[in-house]
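In what follows, a single structure is set out as structure tokens and then discussed.
As the structure is a computational prediction, the values presented were derived from the model and not from experiment. Order of the sequence lines sets the chain letters (A, B, ...), proteins ahead of strands, with each chain counted from 1.
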Amino acid sequence: MDEERAEHRLERERRTKLDALRQRGVEPYPWTFPGRVPAEEVASPLRTLPPGTEPGGPERSVAGRITSIREHGRTAFLDLEDFSGRIQLLARAEAMDGPGFDELLALLDLGDLVGATGTPLVSRRGEPSIRVRTVVLLAKAIHPPPEKYHGLQDPEARLRQRYVDLLASPEARARFRARSLLVREVRAFFDGAGFYEVETPILVPVASGAAAQPFTTHSNYLDSDLQLRIALELGLKRLLVGGFERVYELGHIFRNEDLDTTHSPEFTMVEAYWAYADYTDMRHLMEELYHRLALRIAEWLPGVPAAGQAPELFEPPFATVDFVDELERRSGLHDVLAMPREELFRRARAAGATVPEDSSTGTFLDKLFDHYVLPHLARPTFVMDHPSVTTPLAKRHRSRPGRVERFELFARGYELANAYTELNDPEEQELRFREQLSQRGEEGYAFDADFVAAMRYGMPPATGVGVGIDRALMALTGTASIKDTILFLPTRSKDGGGAAGEPRGPVA
RNA sequence: GGGCCCGUAGCUCAGCCCGGUAGAGCAGGCGGCUCUUAACCGCAAGGUCAGGGGUUCGAAUCCCCUCGGGCCCGCCA
């Protein structure tokens, strides 16, 4: 490949070292390294000791990547990083077994993975260290790592080669570790609340449950086109019909739209459905969920200021505002529900939204809300009881005409949850789907006839919620771009011809 | 889809306005150094200036096109 030519010089030098190792009978890619412990497990107790302390005790073994080498004559200091942290290796020429000091320094490069064994100590300058007796190569890095101080800065390279971003950046590792823990915590939360996790299909005959452009593919077996799901909602509600009373799913959904700071074509959603409960019950569940996540995030990312502020920010109870009242208060408009479509259109345009004239009144109201209210919702706030025109899957409000029982939770400018008391009247559901179909443009929900058929068998009264995992992570950690919360994102081919000339994420 | 900006050594960046033929640091090579941590000191090396075309005696630099990326707006949760 092209890249190899550009790197010829540096790679050739590393390959030469690889050959030298093999000639000496050293296996540069051994099978395992038994007995290693995380670097932090060795370093942590040393931090309480004064500089220059050698507590003695048994030898310890660590394994990880060499990220810095500071040679100092007959002494050398090497930094070893693993997933737990970092520890310094102190190598002295006369104290080493096996291949020895000179060979180690001659054949080792930054980026190599090694195992090291020796006794713990605190260096005279106070650095937790291991006085190494042996260092064994665990994997030779042929490709040099990025610059040791600045790391990988090129945003394009960080997306295309996330593995390099991760190996060069402890901060990136910490952020994605936090994501893993967040997902684990979300599952634990719903599991603990008696919800069953299920998996519904990604490939569906008709993608509905939201207003978005689907991806389309084709099944040879079925001899028909299929779509990738754009929401989890309708599959999970079928399970309510089937008798599941508390279900959730955490998985990827796909929307054929642009990739930008807050949107990704493939993202992660958790949706939960709870029979014999309503949106007030769900509101309390969401307060509990986000409070718990905020506490955990602060533990997982101790150095990140926005994460540290999360616990106090997400202290229940959250603020509650009425969709219409708040819109009217912020905009100075009056009686928006009674406004004719044309006036709503004018107001939306005046507010800077470039909406098509034939959009629904619900779209105009959403635009006005986004413009006048959304920027003010920094603290967690439930926005309640949306106009029914905006929401085809929610149940009409039990006492307020023209409204549905719905809330959206916003914080730091992001929507963090969207919940309804679910519509379970099949006749009304069919009607709402048909209204959507009659709406022009691409804003309508697709008609899922089988879903209506399912509802005719009787769907229990229920509440449901959707939480975007990526955006939840953004809001909880203060991350500015969704690209920093998703490990592997789709990127364009650089040669424009679709040939796999450049490394790009995990390709099979 | 519209606007603005970026792409120079493996990596991080200067150089571009105002055209004269490529610069630093890190990494790598060689030599020195027994507590360093962006270690340090010395020497030598390292380039398809994203790609293509144009203007010019001469283009990394000015103009056009293409590719890739970033930010803002639009669309979209």
Rounded distance in Å - [atom1] ([X]) to [atom2] ([N]):
X	N	atom1	atom2	result
A:L89	B:C35	CG	P	17 Å
A:R9	B:G10	CZ	C1'	7 Å
A:H72	B:G32	NE2	P	15 Å
A:E71	B:G31	CD	C1'	11 Å
A:E54	B:C35	CD	P	14 Å
A:Q161	B:G10	CD	P	13 Å
A:D154	B:G7	CG	C1'	8 Å
A:E147	B:G25	CD	P	12 Å

Closest-nucleotide 5' rank along RNA chain B - winner of A:R86 and A:I230: A:R86
Using heavy-atom distances to pick each residue's nearest nucleotide on RNA chain B, tell me which of A:E408 and A:S481 is more 5'. A:S481
Contact under 4.0 Å: [X] side-chain N or O vs [N] OP1/OP2:
X	N	answer
A:K483	B:G70	yes
A:R492	B:G69	yes
A:K17	B:G29	yes
A:H150	B:C11	no
A:T261	B:C72	yes

Check the side chains of [Y] and [X] for a donor-acceptor pair under 3.5 angstrom, ignoring hydrogens and angles.
X	Y	result
A:Q161	A:Y163	yes
A:T268	A:R179	yes
A:Y279	A:D385	yes
A:H150	A:E147	yes

Anything under 30° is parallel, anything over 60° is perpendicular, the rest tilted; go ahead and classify A:F215 against A:F254. perpendicular
Out of [options], which nucleotide sits closest to the side chain of [X]?
X	options	value
A:A212	B:G69, B:C35, B:C76	B:C76
A:L121	B:C35, B:U37, B:G10	B:C35
A:Y149	B:A38, B:G29, B:C76	B:A38

A:Q153 (side chain) and B:U12 (base): donor-acceptor pair under 3.5 Å: no
Could you tell me the Watson-Crick or G-U partner of B:G42, where both distances fall under 3.5 Å? Say none if there is no partner. B:C30
Would you indicate whether A:E199, at its atom CD, is surrounded by more than 12 heavy atoms from other residues, nucleotides or ligands within a distance under 6.0 Å? no
If we take the P atom in both B:C40 and B:G25, what is their distance in whole Å? 11 Å
